[in-house]
Amino acid sequence: MKEQSSLGSTLVKKLTGNLAATIVVGTTLVLAVVIGVEGGPSQVINSIVTGGMWALLAVGLALVFGVMNVPHFAHGESFMVGAYVAYFVFNPIHTSLKENPNTFLGVTAPFLAMLAAAVAGLILGVILERLLFYPLRLKTKSGWVMNAFLLTVGISFILTNGTTLTLGPNFRGIPRYWDVPPLQVGSVRVAVDRIIAFFIAIISIVALWFFLRQTRTGRAIRAVSQDELGAQMMGINLNFIYPLTFALATAMAALSGASLLFMFQAYPTVGLKPLYFAWYVVMLAGLGNVVGAIVGGFIVAVLQSATQLFTFTVTVLGHEFQIGGIAWEDVIPTFVMIIVLLVVPSGIFGSEVKGVQEQ
Amino acid sequence: MLQLKNLDASYGFLQILWDVSLHIADGEFVGLIGPNGAGKTTTLRTIAGLLKPMKGEVLFKGHKMNTVPAHETTRMGISYISEDLNLFVDMSVRENLLMGAYIVRDQQKQLETLDFVYELFPRLKEREGQLAGTMSGGERKMLAIARGMMSNPLLLLVDEPSLGLAPHLVTDVFKSLRRLQETGVTLMLVEQRVNATLEITDRAYVMEQGRIVMEGPSSELMTNEHVKAAYLGI
């Protein structure tokens with residue numbers, strides 16, 4: 001595929017002559033191999049699946065920041081909305097299928113649920129942009145980034161608490177989307193849900209890449225992210241590009257929420273963790289950098305797996321501390337992120353963050 | 001083609017333009033000269049819709065343009081080539097040019113215009129695949145001008161094309177503007193190189209401290225005592 005190869009060549013371009021990126025990516029690859037040897041191939045496949053999802057989420061963040069200069073802290077709530085929509089679409093179908101089995105519907109119902117989530121994300125994105133960011137843009141003379149940041153935090157609070165109020169704090173989940181036995185990949189068995197979730201992430205990212213590179217509207221989005229004034233001078237209507245970008249990002253987050261429903265379930269604060277990981281990714285890769293976000297997604301996922309897999313015990317002043325394990329999942333990526341920010345402040349793929357200085 | 005009537009414009013509380021009136025006829029090549037900070041760029045920005053006037057009127061082909069946003073003015077046929085160029089630095093030369101033709105939906109037409117600007121600036125064709133951000137100052141300038149032409153504008157506003165260019169490139173750029181006028185485009189040129197500007201334009205306005213202080217055919221302005229003393233250093 002043409003767009004696939006151009007994605008690859010852009011990656012190679014970003015890596016050559018970039019010491020920080022080479023070190024981080026190289027270390028990650030080594031780590032992935034070690035994980036494979038120590039924890040078995042299933043651990044590696046796990047990292048790849050989660051990596052795909054973090055990438056999908058992070059691409060949305062990178063897009064929103066790059067184009068609109070919005071540090072989006074309500075991205076997790078888009079994930080949450082997607083999870084709920086998928087649950088409420090899938091669950092009734094699933095229940096009725098128990099009484100009158102229908103293979104076709106059994107196979108397609110999950111996709112239907114994900115599609116519904118993505119569409120809900122698109123709509124939510126347009127509404128949020130028009131209702132909140134648009135008026136804010138008209139009012140803001142300076143300090144846009146800070147104002148937009150606070151607005152997204154507000155959106156996050158309202159959506160989380162609004163959901164608790166209306167739907168309650170209960171977990172709503174499904175054990176799996178497809179009632180089929182796990183697939184045999186080499187020597188490992190992988191749940192079909194995971195494989196499909198991974199492919200959904202990859203297909204969405206490639207589709208987005210293709211859209212941004214090859215279509216007129218996609219190029220306009222990139223133009224706005226590179227020079228807003230120049231884009232206006234070319235006849236690009238920002239009041240079309242902003243809602244579109246925000247809707248796309250929201251839809252991608254909702255889609256990941258939907259396709260990971262079997263892993264995360266749906267509850268009001270489900271978006272918190274995906275949000276954090278997506279932010280680790282974009283900070284690592286550089287804000288507003290879409291290609292970097294893809295690589296970053298896999299790096300963070302590998303770090304996460306490694307943290308879960310390896311544990312050390314350290315004795316300090318007679319107390320024993322355990323380092324590693326699932327509770328440390330946030331610690332190690334954050335630690336790596338701090339190191340990266342200290343050494344290469346604009347992220348390892350070093351896209352200079354023009355927007356912030358301009359505003 | 002274009003008429004400004006008693007235009008006042010400001011950035012916040014700082015008023016820059018005071019009662020500016022000027023007009024450009026179809027097919028004309030008009031210069032706007034004056035010292036730094038006279039309000040020349042502000043005039044162009046107001047025409048391009050990037051700045052809303054406080055008072056007065058901007059009329060383009062009979063339409064009142066005061067509240068028309070920048071992207072609409074481009075669609076109506078005004079192309080503005082800014083001093084900062086506003087190139088898309090992470091896009092190739094070709095992609096930048098095609099962005100310039102964003103409002104042209106006919107692909108055939110886009111490619112025709114592309115051929116035309118490549119003929120005008122052969123250097124750009126050589127650099128077709130290069131990222132705009134990695135080009136030299138002169139090449140960027142050419143790219144910005146070429147990109148401004150890609151929308152097939154009726155009126156082209158060019159802001160300080162000679163700034164930071166090597167002298168032989170300035171001649172090239174001015175020649176290409178002249179050629180553009182021959183194809184029927186109306187042009188407005190803002191420049192500090194008064195001599196060269198008066199040589200290629202039909203008519204010119206002199207702007208000082210936000211006001212139009214003088215106007216007339218370029219050949220007459222060249223012999224005008226005030227212009228000679230203040231700008232030509234003769």
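Here is the naming used below: chain letters follow the sequence lines, and residue numbers restart at 1 for every chain.
Atoms CG and CE, from A:Asp227 and B:Met91 in turn, are 10.0 Å apart once rounded to the nearest 0.5 Å.
For A:Met146, the CE atom sits in a loose shell: 12 or fewer heavy atoms of surrounding residues, nucleotides or ligands are nearer than 6.0 Å. More than 12 heavy atoms of other residues, nucleotides or ligands sit less than 6.0 Å from atom NZ of B:Lys52. Surrounding OH of A:Tyr134 are at most 12 heavy atoms belonging to other residues, nucleotides or ligands under 6.0 Å away. When the shell of 6.0 Å around CD of B:Glu128 is examined, it contains more than 12 heavy atoms from other residues, nucleotides or ligands.
Within the structure, the side chain to side chain donor-acceptor pair (under 3.5 Å) test picks out the following pairs touching residues 67-78 of chain B (sequence neighbours left out): A:Asn237-B:His71.
Chain A forms more heavy-atom pairs under 4.5 Å with one residue of B:Ile103, B:Asp84, B:Asn96, B:Leu85 than with any other, namely B:Ile103.
Screening A:Met234, A:Arg222, A:Arg219 for a side-chain contact (heavy atoms from CB on, under 4.5 Å) involving B:Phe88 leaves a single residue, A:Met234. Of the options A:Met233, A:Glu228, A:Gln226, a side-chain contact (heavy atoms from CB on, under 4.5 Å) to B:Asn86 is made by A:Met233 and by none of the others.
Residue B:Leu50 touches chain A through its side chain alone, counting heavy-atom pairs closer than 4.5 Å. Using a 4.5 Å cut-off between heavy atoms, B:Ala70 touches chain A through backbone and side chain atoms alike.
Of all heavy-atom pairs between A:Gly235 and B:Tyr102, the closest is O-CE2, 3.7 Å. Of all non-hydrogen atoms in B:Met99 and A:Ala223, the two that sit nearest each other are CE-CB, 3.8 Å.
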